[in-house]
Every structure is written in structure tokens, then in C-alpha cells.
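Heads up: the structure comes next, in C-alpha cells.
In the text below, chain A, chain B and the rest are named by the order of the sequence lines, each starting its count at 1. Everything numeric in this text was worked out from a predicted model, so none of it was measured.
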Amino acid sequence: MSDLKEIGVTISKDKDFSEWYTQVVTKAGLIDYSPVKGFIILKPYGYKIWENIKEILDKKLKSSDHENAFLPILIPESLLSREKAHFSGFTPEVFWVTRAGDNKLADNLAVRPTSETLAYSIFSKWIMSYRDLPLKLNFWNSALRAEIKSTKPFIRNSEFLWQEGHTVHETDKEAEDEVLLILQYYQDLIENYLAIPTIKGFKSEKEKFVGALYTTTLESIMPDGKALQMATSHNLGQNFSKPFEIRFLGKDSKQYFAWQTSWGASWRLIGALIMVHGDDKGLILPPNIAPIQIVIVPIFKNKDRNIVLDESQRLKRELGVGGLRVHLDDREEYTSGWKFNDWEVKGIPLRINLGLRDINEKKLELVRRDTKEKMFINKNQNFLESIKTILNDIQNSMLEKASRFHDRSIIRVYDYEEMRRKLKENSGFILTSWCGNIECELDVKNQTGADIRVIPFGPERSERDYCIKCKKSSKYNVIFAKAY
RNA sequence: GGGGUUGUGGUCUAGUUUGGAAUGAUACCAGCCUCGGGCGCUGGUGACCGCCGGUUCAAAUCCGGCCAGCCCCA
């Protein structure tokens, strides 16, 4: 038995969370490592999950008149440095192209860490009048930010897949609405498809996107108590339109600087998906995002081979026609037991074990991945509905389970020493009050390792009116946590 | 940024202390067997021992540099 264990995940999630995570991402067949530090290869199964995320979000964006386009990956240094704060925020992690073949380039080219500067230099040419607005573009691409130390697949890589949206508006109000609309899209994707609860709110000045007026964010809590930023949506105000001269002629024949937003979500979401739902056997995928929702494993002795395979094919067709993503595992080189384990590591939400016994009894044996529960349903005209109900149930109970953990992990704290103690013990989200001064934020960071992850939307004033650190009058309810 | 640790067929691994023909399992291939939780039997294929250099008659093993993975701390 000890030999067998090496095939699957060998570390318990509770015992060594980091090691467990790296085993799951590789053993579930999501990624492989590249020869270059910090870069990973997304294998077909991992890419399918990304494609599903992409499809869901893409549909939402198109429904509100966002269009997809593509931008080149190289940005001249002069452009990148046009907005100063923005440039200084990114420059430590920019990769540079300095040569073409044997020739040294006259101007160094940055490999995009994000595309604001390039996009906006072009937008300024496209936008002349209020009739050109709003401009709402989205780019599915990758961004590169050099991660010298500590990389983790999906969570922190030197290159990551994402989408970056960039919009230009006539008014402040329009930009503000856009920021919140996009945040709402993200939240819907994350909660209703990925089954991960989030906290919605603002970033502090220190943590906001460099160059933005303000940043809104969705933060989730991982099983080890650390926070993971799931997606962000920024109001750029006129901070970029001024240096990039994005101006339009209004109805009143006067020149105005435009109001802008940018927003992004990356394959980090896949990392969160793994961490939040996985167990000691491997991945567990919510049905709404799973590339395969149901896997059929046929079980037969040689003499029954054709009967069972025929029936499996028929079942696959029926489920497929019913709108479900289904896979028939008819590989002959593996035994059924081997396949059970294989699909469990990969996290398929529902499995059907189909043998002669079930065919004769007109029954289906179903096994839930999340609860490992085994159940039988009758293979009558209602079986498709029964299966859909079960999948729905899996989706809901996964969100419920994650929500219970989420709620448990938020602790209200009013005393600084208590906060330090809590953060030392087991991390988690510390909900407390803050005066709004960056000094207090930095002190807490230095002393505890935690920073302000999110200032939740809601009443601005805290129910206690003094800052956790300096005891002066407080402005905000905030959540402190250690972060990925 | 600081520290620790690891690198040997596709995968996991013995061997490294004390230099002298690279161990085993699994996977893979061929044949047989057949499946209700990682089947079994027989035979076979597969190794730049992470990379570069040094010491030596001789290096997986000793020395130096580099690359990559993982972990902990900031």
C-alpha cells in the first residue's frame, strides 16, 4: 500500500498546506514547471479550467458592450515612465529587452507588466470627441513581472494569464459605475461559479494600484488563514488621461480630460480554487467551473465488455444531450479502481460507476467527489433531472462549506495586543478600526506581518471610534491579514 | 531581501560519509490474464547522475561557480 500512495497526493492538507498545494497542482495534471524560474506550463486540464473562467467572464463583458482586442507585449521605456508613480511602482519587476540579435537596441523595451501606458498612448489618438466615448476594451493576454524569490504556481509567477480591461469615459460618475459593475462581475464569477466567498471593498492608499485614484478589490481567505486578492477594479480618475493627453471635445465645444478605469483578474483564481476546495485526495472542482462534470467509469469482465461499453456510450450521449459536460473513461489499460483514484485527484465533481449489475437493475451508482458519498438513482425518464439536482447540490454545498470557514475566520478585534496574538496564533482576517494614517498601517505591517487587505464597503465609521494602533479617532473598518 | 533544503531512466528512489561496473520500485513496450477501489505473471526498452569547470590514474561521490524546485522568515 505504501507504494500506491506515491501515485496520489501523499501529504495531508492540514499537515503541510504548502507541500499539499504543490502536489495537487502537479498530480492533478494542471501544470508542469518550465526551465526558467517562476514560469509554469499550463497543461490541457489546467488550461480548460482557465478557458471556462474566461468564457464566463467574457460573456458578461460582452453583454455590457465591452470589446476584446489585442496589444503587443513590448512597451518603450519612454512610455512606461510617463506616469511617474505608476512607473516607480512597477519598475523593480519589469523584464527588459535590450538586444535584437547581435544589435543593442537604442531604446530599451519593457515586457508588459500591465498595459495602461501603451493602451493610453494609443487611446489618445483614437479619442477626439465625446462621440468616441465610452471606449470599453478588454485584453486577454499575459503579463510579466519578475518574481525573484518565492514563486508559487498560479499564485505568484513571473508570467501569468489574465484579462486587463481599460475603459475611457466622459464623466467621473460613469467611470465610478464602471468600476463597480466590473467588481460585481468578478464577484458573481468567484462566488457563483468558483464557489468562493469574498469580501468586497477598497484598498488602502498604500495597497492601491499605483497611479489609480482608488482601487476596489475582492479578497478571499485561504485555508491557512492568509488572504488572497482575487480581482481588482481601479478608478484611474484623470491620473492617466492627463500625462497621456486623452482629451475629448465636449458638446459644449470645450476640451476635457477623460475619466478612466482599469481592472483585471488572473489565473490566480485557479490557485484559490485549488486551495479552498481541495482535500487530502486532491482537487475538488465545483460543477459550474469543472471541465468535466461527470465521468463515467465502466466496470466489466471481458465477456460483458460490449454490453457495458455500449450502455456507457449511450449514457454519455444522453447526459451530453442534456447539456452536461461528461467524459467516458474507456481506457482499457487501467482497472476501474485505478480510474477512481485518477479522477478523484483531478477533482471531477460526480462519477458514475457503471457495471453489468447496474444495467440489469436499471440503476446508476453515483459518487460525489466533495462528500465521497455513494448513492443510487433509478435509470428512468427522470434520471437526468436527478443528476442535475445533485450537481446543483454539490455546487451549493461547496459554497456553503467555504462560507462557513470564511465566516469563522473573520475575527472582530479592538485591542492591538490581542490582534498581535491572534495573528501569531493562526492568522485569519482581523476586522478592526483604523485612523487612515499610513504610519499606523506600516507599523502594524512591521510588527505583525499583516497589512490592510480591504476596507469593506459599508458604513465608513467604525462602531468603535479609535484606531487599533494609535487610539486616535478612527475613520474606517478594515481587515488586516497576512497575504499571499 | 535573509536563511534552510533538495536535484540520480517519464515518476519515486538506493548509492555520496570512506572516489573504483549506477540499486530497486513504478511507468513504458510485447505476450498472457481480466476489472465493483491504484490486479497478477513472463520477457524487454529506457540514465548527458541538474549544468559548467577543477582535483584525480579514476568523480553521481571531493572542491568551486551557476541553474532550477521546495520550505521558513522579512
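- Taking atom C1' in both B/rC29 and B/rG54, one finds a spacing of 42 Å when rounded to whole Å.
- In this structure, a donor-acceptor pair under 3.5 Å is absent between the side chains of A/Arg268 and A/Asn157.
- Set against B/rC28, B/rG36, B/rG37, the side chain of A/Tyr334 has B/rC28 as its closest nucleotide.
- Side-chain atoms of A/Asn341 come within donor-acceptor range of the base of B/rG37, with a qualifying N/O pair under 3.5 Å.
- Atom-to-atom, CZ of A/Arg331 to C1' of B/rC39 comes out at 16 Å; the value is rounded to the nearest Å.
- B/rC73 and B/rA59: their C1' atoms are spaced 37 Å apart (whole Å).
- Between the side chain of A/Asn353 and the base of B/rG37, no donor-acceptor pair of N or O atoms lies under 3.5 Å.
- Nucleotides B/rC70 and B/rG38 are separated by 32 Å at their P atoms, to the nearest Å.
- Dashed line: the shortest gap from a side-chain N or O of A/Ser336 to OP1 or OP2 of B/rG36 is not under 4.0 Å.
- When the P atom is compared between B/rG3 and B/rG65, the two are found 14 Å apart, to the nearest whole Å.
- Ranking B/rG69, B/rU34, B/rC39 by closeness to the A/Asn302 side chain, first place goes to B/rU34.
- With sequence neighbours left out, A/Arg369 forms a side chain to side chain donor-acceptor pair (under 3.5 Å) with A/Asp279.
- Distance noted for atom P between B/rU11 and B/rG1: 31 Å (whole Å).
- Within the cation-pi definition used here (under 6.0 Å to the ring centroid, within 45° of the axis), A/Lys43 does not qualify as a partner of A/Tyr45.
- Comparing B/rG36, B/rU34, B/rG1 against the side chain of A/Arg357 picks out B/rG36 as the nearest.
- Side-chain polar atoms of A/Glu207 and A/Thr215 form no donor-acceptor pair below 3.5 angstrom.
- A gap of 4 Å separates the C1' atoms of B/rA60 and B/rC49, to the nearest Å.
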